[in-house]
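First up is the structure itself, then whatever we jot down about it.
Chain letters run A, B, ... following the sequence lines, proteins first, then strands; residues in each count from 1. Only a predicted model underlies this, so the values are computations on that prediction, with no experimental measurement involved.
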Amino acid sequence: MSMNKMTLLPPLMASSEGSVPFRLGPVEEDPCDHGITSRPIEHRFSPYDFNGGTVAAIAGDDYVVVAADTRLSSGYEILSRDTTKLHAVTTNCVLASSGCKTDVDQLRSVLDIRGKIYQHNHRKSMSTPSVAQMLSNTLYYKRFFPYYAFNLLAGLDQEGKGAVYSYDAIGSFERSQYSANGSGQAYVIPLLDNLIGNRNRTTPKPDLSVEEVVEILKDAFLNAGERDIYTGDQVEIIVLRKDQPVSRQLFALKAD
Amino acid sequence: MSIMSYNGSAIIAMAGKDCVGIAADRRLGIQLKTVSTDFTKTFQMQPKLFVGLAGLATDVQTLHNLLEFRMSLFKLREERDMPPEVVNNLLSTLLYEKRFGPYFVEPIVAGLDEDNKPFLSCMDLIGSSVKANDFVVSGTCTGNMFGMCEALYRPDLNPDELFEALAQSLLSSVDRDAMSGWGGVVHIITKDGVMTKELKGRMD
């Protein structure tokens with residue numbers, strides 16, 4: 001590969017998240033040079049960081065269980081072993097978020113403020129479907145500079161039935177019976193498909209009690225903790241039941 | 001677009017009590033288009049040894065032929081079956097020979113050794129291999145498969161329980177992956193022979 005070639009290499013954009021050539025596709029370059037001396041390099045600050053973690057939630061007839069690990073990490077470092085990813089938006093509704101912690105914190109603040117305004121105007125706290133829509137709107141408001149937050153909303157709807165809503169980073173949402181989000185999502189969701197959704201099984205779908213669902217979630221997090229480096233330390237599990245106080249438990253995972 | 005996910009694949013191998021099982025999906029695709037629903041990715045190289053090849057389909061077939069050739073030569077010269085550990089090392093060497101222009105496959109070796117004890121190993125595309133006591137996975141949905149296997153595996157499963165664990169792990173994993181699925185096949189190897197079953201799953 002001659003250094004006198006006439007072709008202009010696309011500029012390289014370097015950030016804390018890695019280096020990318022501006023034009024997509026294979027780039028012909030001197031294998032020893034890596035383009036360092038023969039192309040312009042733009043250094044850029046990346047506003048996002050991935051702080052890891054897994055969240056999951058399962059809805060039942062009159063309950064909803066939501067779980068999240070308590071590890072905060074950045075790259076290969078663990079920043080904290082006991083940060084919570086769960087946030088009570090109303091007494092009936094819990095938001096579980098993984099992704100970039102600063103965006104998650106800001107999102108929670110914005111939701112709290114908008115929830116308080118609703119409470120002042122309507123003289124009642126927001127119902128879970130309303131919170132779900134509000135969260136979607138809040139996320140889409142930042143469509144072109146998104147909150148790097150992967151959310152799960154778990155709560156009891158107007159009839160007291162369990163509701164789980166899962167979101168992408170820009171507000172697309174769907175109500176479902178169960179969901180998982182975050183770095184360990186791939187490890188958890190197929191298991192929930194198999195055990196909660198009863199997929200690929202010919203036996204009739206079993207009626208699961210709260211205790212059984214909590215055990216399934218604990219098992220799912222144990223498995224995600226084994227294989228995902230960002231998931232571990234402890235799992236915080238919250239159970240919301242109709243006409244009962246909120247129950248919260250901590251379950252230890254491997255600290256490696 | 002990654003070369004390893006151009007055709008799509010999902011392979012799991014699991015160990016039981018004096019038995020091993022290997023399961024694979026049946027899809028052959030060209031990116032998002034499905035081209036075949038009966039593409040073989042698991043090959044019985046010997047009466048008690050299977051090799052599963054995940055990755056680029058052309059390399060799956062080429063490496064199968066290459067391995068068949070080398071194993072036949074071994075059998076002619078040494079007049080014995082190739083032990084699984086030796087197959088593992090042979091595959092590893094064959095792949096590393098192409099270190100700077102590799103075969104785009106990530107193989108799995110599953111079999112019973114001379115004492116009928118289970119042997120499992122998996123490799124990356126340049127031959128770095130890892131042995132396991134419990135299970136190994138390879139393909140485009142390894143995250144899903146790891147999660148399922150970690151949950152459904154128990155030590156010392158008998159052949160029927162092993163079949164159930166493998167089948168459920170594979171089907172639930174490929175259902176969350178667009179590039180793999182379209183049916184499945186499971187082989188259970190015991191000292192008495194090989195039991196092969198086709199899986200009924202979502203055809204999408």
Heavy-atom neighbours of [X] [atom1] exceed 12 at 6.0 Å:
X       : atom1 : result
L73(B)  : CG    : yes
K161(A) : NZ    : no
N65(B)  : CG    : yes
R70(B)  : CZ    : no

Practice prompt. With a 4.5 Å cut-off on heavy-atom pairs, point out which of R202(B), M145(B), M148(B) contacts chain A the most.
Written response: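 Option with the greatest count: M148(B).
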Worksheet item: What residue in C141(B), A167(B), A151(B) has the most heavy-atom pairs under 4.5 Å with chain A?
Response: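 Winner by heavy-atom pair count: A151(B).
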Going from [atom1] on [X] to [atom2] on [Y], what distance comes out if it is rounded to the nearest 0.5 angstrom?
X       : Y       : atom1 : atom2 : result
N194(A) : S169(B) : CG    : OG    : 8.0 Å
R201(A) : S172(B) : CZ    : OG    : 7.0 Å
T202(A) : K200(B) : OG1   : NZ    : 9.0 Å
L191(A) : L152(B) : CG    : CG    : 6.5 Å
I189(A) : S173(B) : CD1   : OG    : 12.5 Å

Fill in: Positive for side-chain contact (heavy atoms from CB on, under 4.5 Å) with E150(B), one of L222(A), N223(A), D219(A)
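With E150(B) as partner, L222(A), N223(A), D219(A) yield a single side-chain contact (heavy atoms from CB on, under 4.5 Å), made by N223(A).
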Practice prompt. Please state whether the side chain, the backbone, both or neither of N144(B) comes within less than 4.5 Å of a heavy atom of chain A.
Written response: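 For N144(B), backbone and side chain are both near chain A.
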Worksheet item: Does the distance from a Lys or Arg side-chain N to an Asp or Glu carboxylate O, for R176(B) and D193(A), drop under 4.0 Å?
Response: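 Yes, charged N to carboxylate O under 4.0 Å.
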Fill in: Which atom of R199(A) lies closest to which atom of Q168(B), heavy atoms considered
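For R199(A) and Q168(B), the tightest heavy-atom pair comes out as O-OE1, 4.0 Å.
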